[in-house]
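Below: the structure, in structure tokens.
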Amino acid sequence: MNLHEARAVAEALARRAGDVVLTYWAGPLQETTKANANDIVTEGDKASEAVLVAGLRAAFPDHGIVSEEGAGNPDARDPEVTWYIDPIDGTTNFAHGMTYFAVSLGLADARREPLVGVVFNPVTGELFSAARGQGATLNGRPIQVARTESLGRALLATGFSTDKARAEQQLVRWRALLHASRDLRRLGSAALDMAYVAAGRLDAFWETGINAWDLMAAVMIVREAGGRATDFQGGSERLFTGQEVVVSNGALHDELLRRLNEAG
Ligand code: IPD
Ligand code: CA
């Protein structure tokens, strides 16, 4: 598996899909709901997915594809490697004309270990990218996590599931970490939040009820930028299958895990 090639293809496709997404962002959108009334999908998500899936199938006909809006690769013959793609991460921001959303593509092996990650915000033109052993970059320049050593000086971010029952537990954690940190953000795109941790803009991020397509790319970028990405137990077991993630600059990780688990 040539990771340089996979990374280059993913970067080019993210940019191409981003261009398409921007043509929808400016105008009125058709949206439909999915799991619940707050879980929406738009024409922009579907158009982006079509570009990404067609491009990946052309470049890597044997690779598996798991995409949020359901498209895949029925011809995949190499289950050793699978792309996890989110055509728009931050669809609610996108649908409300806000600027904080991204196209996200992650490649993983059969054990769901990330190999390549690309997160692209088409509005700002910021492209975060990494491949295993190659380091992480923002628009081609190397990035690293922040050096913050105390939670009290840390800027954190989190996300809320559209499932409001799960949101109640999240509010308990929100309260605990708001008091323990410098401040807390709910920005609306998990992939971008984690890319911001990789770039040292945020110190840590956590969420539950989150899917592999939201995570795969950004976890690769955080790890290659020197950060840590785990489940709530500090391992990897539930990271891509148990819908939970904690990413940080590393130094804050154990304390953050302890406070999240203590809060509930
Ligand atoms: C959502 C965003 C949001 C997070 C949700 C995700 P989507 O992704 O990443 O920040 O809190 O859990 O589902 O639905 O816009 O792709
Ligand atoms: Ca999405």
Side-chain angles (χ1 to χ4, degrees), residues 89-90 100 102 104 106 112-114 117 119 121 126 128-130 132-133 135-138 141-161 166-167 169-212 214-264:
D89 184 65
Y100 196 81
S104 175
R112 295 200 181 193
E113 282 296 323
V119 173
N121 179 340
E126 288 193 321
F128 302 86
S129 163
R132 189 189 280 176
T137 56
L138 165 52
R141 282 193 294 277
I143 49 173
Q144 283 210 316
V145 292
R147 294 192 178 168
T148 315
E149 292 204 351
S150 91
L151 210 49
R153 294 172 71 96
L155 182 60
L156 311 180
T158 187
F160 286 83
S161 167
R166 200 188 279 271
Q169 182 194 32
Q170 175 62 349
L171 284 170
V172 177
R173 294 183 178 134
W174 175 279
R175 176 189 290 267
L177 270 302
L178 183 65
H179 286 298
S181 66
R182 172 172 284 172
D183 210 343
L184 196 45
R185 299 283 183 268
R186 193 288 190 251
L187 296 166
S189 163
L192 267 186
D193 293 344
M194 290 184 270
Y196 275 31
V197 173
R201 295 172 179 173
L202 294 168
D203 296 296
F205 166 85
W206 82 90
E207 188 167 340
T208 58
I210 187 159
N211 295 292
D214 299 312
L215 288 177
M216 194 62 76
V219 163
M220 180 81 280
I221 297 168
V222 167
R223 286 182 175 163
E224 286 295 320
R228 200 171 151 199
T230 71
D231 56 26
F232 273 51
Q233 302 310 309
S236 294
E237 211 170 302
R238 294 179 51 76
L239 190 51
F240 300 111
T241 52
Q243 298 198 304
E244 55 184 51
V245 66
V246 182
V247 305
S248 79
N249 67 347
L252 301 174
H253 210 84
D254 290 336
E255 189 185 354
L256 179 57
L257 287 177
R258 183 174 58 75
R259 289 192 184 256
L260 287 171
N261 286 309
E262 272 173 12

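Keep in mind that what you see is a predicted model, and the values were worked out from it rather than measured.
Across every non-hydrogen atom of D214 and M194, the tightest pair is O-CE, 3.7 Å. Smallest separation of non-hydrogen atoms from D89 and A190: OD2-N, 2.9 Å. Nearest heavy-atom pair across G234 and L257 is CA-CD1, 3.6 Å. M220 and P114 get closest at one heavy-atom pair: SD-O, 3.4 Å. Here the closest heavy-atom approach between residue D193 and residue G188 is recorded as OD2-N, 4.5 Å. Scanning all heavy atoms of the two residues, the minimum distance from L184 to L178 falls at CD2-N, 3.7 Å.
Inter-residue side-chain proximity for V246 and D231 is flagged as unmet; no heavy-atom pair is nearer than 4.5 Å. Within the 4.5 Å cutoff, side-chain heavy atoms of F205 are placed close to those of V245.
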* side-chain contact (heavy atoms from CB on, under 4.5 Å) assessment of L192 paired with F128 -> CA-CA 9 Å; L192 267 186; F128 302 86; 4.0 Å; yes
* To do: Could you walk me through whether R223 and V219 pass the side-chain contact (heavy atoms from CB on, under 4.5 Å) test, one step at a time?
  => CA-CA 6 Å; R223 286 182 175 163; V219 163; 3.8 Å; yes
* To do: Please lay out, stage by stage, how L156 and R185 fare under the test side-chain contact (heavy atoms from CB on, under 4.5 Å).
  => CA-CA 6 Å; L156 311 180; R185 299 283 183 268; over 6 Å; no
* To do: Go through E126 and L138 one step at a time and tell me if the side-chain contact (heavy atoms from CB on, under 4.5 Å) criterion holds.
  => CA-CA 7 Å; E126 288 193 321; L138 165 52; 3.8 Å; yes
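Between F232 and W206, the distance from one ring center to the other does not fall under 6.0 angstrom.
In the displayed structure, E113 atom CD is contacted under 6.0 Å by more than 12 heavy atoms of other residues, nucleotides or ligands. Surrounding CD of Q243 are more than 12 heavy atoms belonging to other residues, nucleotides or ligands, all under 6.0 Å away. Taking a 6.0 Å sphere around CZ of R258, one finds it holds more than 12 heavy atoms contributed by other residues, nucleotides or ligands. No more than 12 heavy-atom neighbours from other residues, nucleotides or ligands sit within 6.0 angstrom of CZ on R153.
By the 30° and 60° cut-offs, the orientation of the rings of W174 relative to F160 is tilted.
Taken from CD in Q170 to OG1 in T208, the straight-line distance is 5.5 Å, to the nearest 0.5 Å. Between the CG atom of L155 and the OG1 atom of T148 there is a distance of 9.0 Å, given to the nearest 0.5 Å. The line from CG of L252 to OG of S150 is 7.5 Å long, rounded to the nearest 0.5 Å. Here CG of L215 is found 10.5 Å from CD of E244. Values are rounded to the nearest 0.5 Å. Distance check: R259 CZ to N261 CG gives 12.5 Å after rounding to the nearest 0.5 Å. Between atom OG of residue S104 and atom CD1 of residue I221 there is a gap of 7.0 Å, rounded to the nearest 0.5 Å.
Side-chain N or O atoms of Q169 include one that pairs as donor or acceptor with a backbone N or O of G264 at under 3.5 Å. A donor-acceptor pair under 3.5 Å links the side-chain atoms of E224 to the main chain of G133, judged by distance alone.
Checking L202, V247, D203, N249 one by one against V145, the side-chain contact (heavy atoms from CB on, under 4.5 Å) holds for a single residue, N249.
In this structure, D254 pairs ionically with R228, as a charged nitrogen and a carboxylate oxygen lie closer than 4.0 Å. Salt-bridge formation is not detected for the pair E262/R173: no Lys NZ or Arg NE/NH1/NH2 atom is positioned less than 4.0 Å from an Asp or Glu carboxylate oxygen.
A cation-pi arrangement is not found for R112 relative to F240, the charged atom failing to lie both closer than 6.0 Å to the ring centre and inside a 45° cone about the ring normal.
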